[in-house]
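Notes for the one structure printed next.
Letters A, B, ... are given to chains in the order of the sequence lines, protein chains preceding strands, and every chain is numbered from 1.
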Amino acid sequence: MPSRRRTLLKVIILGDSGVGKTSLMNQYVNKKFSNQYKATIGADFLTKEVQFEDRLFTLQIWDTAGQERFQSLGVAFYRGADCCVLVYDVNSMKSFDNLNNWREEFLIQASPSDPDNFPFVVLGNKIDVDGGNSRVVSEKKARAWCASKGNIPYFETSAKEGINVEEAFQCIAKNALKSGEEEEIYLPDTIDVGNSSQPRSSGCEC
Amino acid sequence: MVPPMEPKIKAWHGSKLYDGLVSCSAFAFFYVLLCLSMQYIFLLKGRSIPGKVLLTRRADPIDDLSTPERSPTFGRSFSESDTGTSDHVQNPMEVEDPSTGKSNNGNVNKLKSSTSNIENTSKEAHKSPIGTRATDSARVTKFTKELSAPTVILERLRELAWSGVPPYMRPTVWRLLLMANANLSFLKLYPLQNGANMGYAPPNSDRREGVLRRKRLEYFDCVAQFYDIPDTERSDDEINMLRQIAVDCPRTVPDVTFFQQVQVQKSLERILYTWAIRHPASGYVQGINDLVTPFLVVFLSEYLEGSVDDWSIANITPEKISDIEADCYWCLSKLLDGMQDHYTFAQPGIQRLVFKLKELVRRIDVLRFSNMMVICLVVKLMMDPLVTPLKAHL
């Protein structure tokens with residue numbers, strides 16, 4: 001149904017506390033970086049208009065709190081996501097190790113219709129820190145993990161310097177769009193047919 | 001169970017808030033007031049910063065609305081119940097200003113002048129905190145005296161404090177009576193628990209010093225027992241919690257250099273960690289760090305002059321810092337006693353408030369209700385980041 005074209009794409013950003021989720025979102029949407037962000041409480045979102053193949057989409061980016069406690073609220077805002085962005089800090093092994101948990105937690109909470117093909121994108125952030133000298137997670141290691149989870153697209157970013165942020169979100173938007181469109185064909189159509197045809201047919205028979 | 005997100009949020013902003021049906025009752029007014037009493041009792045920057053961050057990110061109206069809620073409060077209740085003490089009301093604003101940050105000042109002043117110009121004028125007049133300190137000592141005594149009469153304690157003290165506590169009295173008054181608990185108990189939002197409506201310091205002046213000393217020692221013992229131990233003696237959960245706190249301390253009030261001092265951050269860390277260990281039902285939850293900052297600033301203001309921006313922790317003796325740290329810990333504990341379920345799993349306390357708010361908005365016509373403050377408070381609550389995920393239910 002071309003008239004019911006989807007225009008809102010929902011993206012969730014997940015990752016450990018302090019890896020730079022808020023910074024990435026703000027760098028992408030507002031082209032600004034601040035080292036004065038406070039910890040995100042609960043969740044927050046920003047929207048950005050993106051153009052893709054002559055169509056305009058609203059990217060709704062949900063920035064979540066890194067602390068596990070807030071994941072109890074996950075169901076409410078994971079639901080209906082079109083793409084999930086997993087962020088880790090290349091200078092923190094723990095934040096990388098936790099990617100697996102974040103991914104699994106997301107799949108459980110959001111319960112997408114096709115978990116194996118749900119689009120994730122992984123971002124290794126803070127590559128600018130200390131000129132890369134404090135880095136503990138190698139690109140190779142990260143790419144290997146991404147490959148093992150069904151070839152998740154991977155980007156190395158710096159929210160501070162704005163490195164790769166635009167490219168990463170382009171990819172995120174593209175993947176969100178793909179998953180969003182597949183969903184669209186499946187869901188709204190069935191509901192529409194049921195609503196419009198049933199009353200009419202019963203009216204005729206009377 | 002949970003409806004789809006996006007349309008519901010739109011529905012909230014677009015219609016429900018503004019299209020109530022029934023006219024407002026006094027209960028409704030007080031309810032909203034108290035949902036948020038915490039946010040404006042602790043006038044400090046802890047709560048104003050999220051608004052600021054939001055301002056730079058997304059929505060200007062949020063910040064506009066976050067400020068007027070306190071000035072009308074002060075203006076209104078001051079004129080009702082506290083005639084002849086205009087400089088008392090004034091003082092709180094003065095402490096607030098440096099801490100709310102310069103970017104907010106224009107905004108605050110603008111809104112203030114529209115609601116109460118008394119505040120502006122007396123603010124300018126008020127130059128010497130030491131001068132007023134002497135004349136206000138009677139007022140401090142009044143607070144203390146009120147507290148010694150058990151049946152009128154809350155009523156009277158709340159009435160006095162409602163119009164604003166002069167900054168230099170806050171350390172004493174806040175220790176004596178934590179308004180948040182008293183207020184919430186009074187309106188039966190929370191069941192009145194034993195001692196929950198009492199402050200950290202006992203109202204009886206004979207006992208106060210002794211109890212303070214004992215409480216402080218108790219805190220130091222806790223720190224020694226829980227915080228000052230090697231990581232090997234901590235469980236994995238405790239290590240994670242400490243790590244989380246260590247990540248958040250540098251991000252607490254990030255735009256005020258005072259809070260960037262190592263010693264201040266260490267105090268904050270000790271307070272938060274000790275509290276978290278002793279409250280395993282919730283543990284440390286992001287955001288609790290912001291609740292400590294008003295206590296820190298108020299108690300430190302006894303010893304540091306001028307604006308928070310110019311403070312240096314090096315100007316206070318280590319003993320005093322320890323005492324203040326302990327007091328902050330106990331005040332934080334007391335404050336959170338009444339709302340720990342805001343921080344436990346699935347945040348039932350917040351869910352309850354959101355559902356009550358939903359009920360309230362259904363019953364009142366927010367626009368027809370003449371008091372602008374109510375609208376501001378409702379909007380402010382809806383902008384609370386903790387509530388964001390719960391808007392799905394509205």
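Atom NZ of A:K48 sits in a crowded spot, with more than 12 heavy atoms from other residues, nucleotides or ligands closer than 6.0 Å. Atom CG of B:D236 is surrounded by 12 or fewer heavy atoms from other residues, nucleotides or ligands within 6.0 Å.
Here B:D290 pairs with A:K38 in a salt bridge; the nearest charged N to carboxylate O distance falls below 4.0 Å.
Looking at B:N289, there are no atoms closer than 4.5 Å to chain A (heavy atoms on both sides), in backbone or side chain.
Remark: the backbone N or O of B:Q286 is paired with a side-chain donor or acceptor of A:Q67 at under 3.5 angstrom.
A donor and an acceptor atom, one from each side chain of A:S17 and B:R251, are located under 3.5 Å apart.
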Only distances under 3.5 Å count here; give the side-chain donor-acceptor pairs of residues 159-166 of chain A to other protein atoms, sequence neighbours excluded, each with its distance to 0.1 Å.
from	atom 1	to	atom 2	distance (Å)
A:N164	ND2	A:E156	O	2.9
A:E166	OE1	A:K31	NZ	3.0
A:E166	OE2	A:Q170	NE2	3.4

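In this structure the side chain of B:R243 never reaches within 4.5 angstrom of the side chain of A:D16, judged on heavy atoms.
In this structure, the separation between CD1 on A:I41 and CG on B:D248 is 7.5 Å, given to the nearest 0.5 Å.
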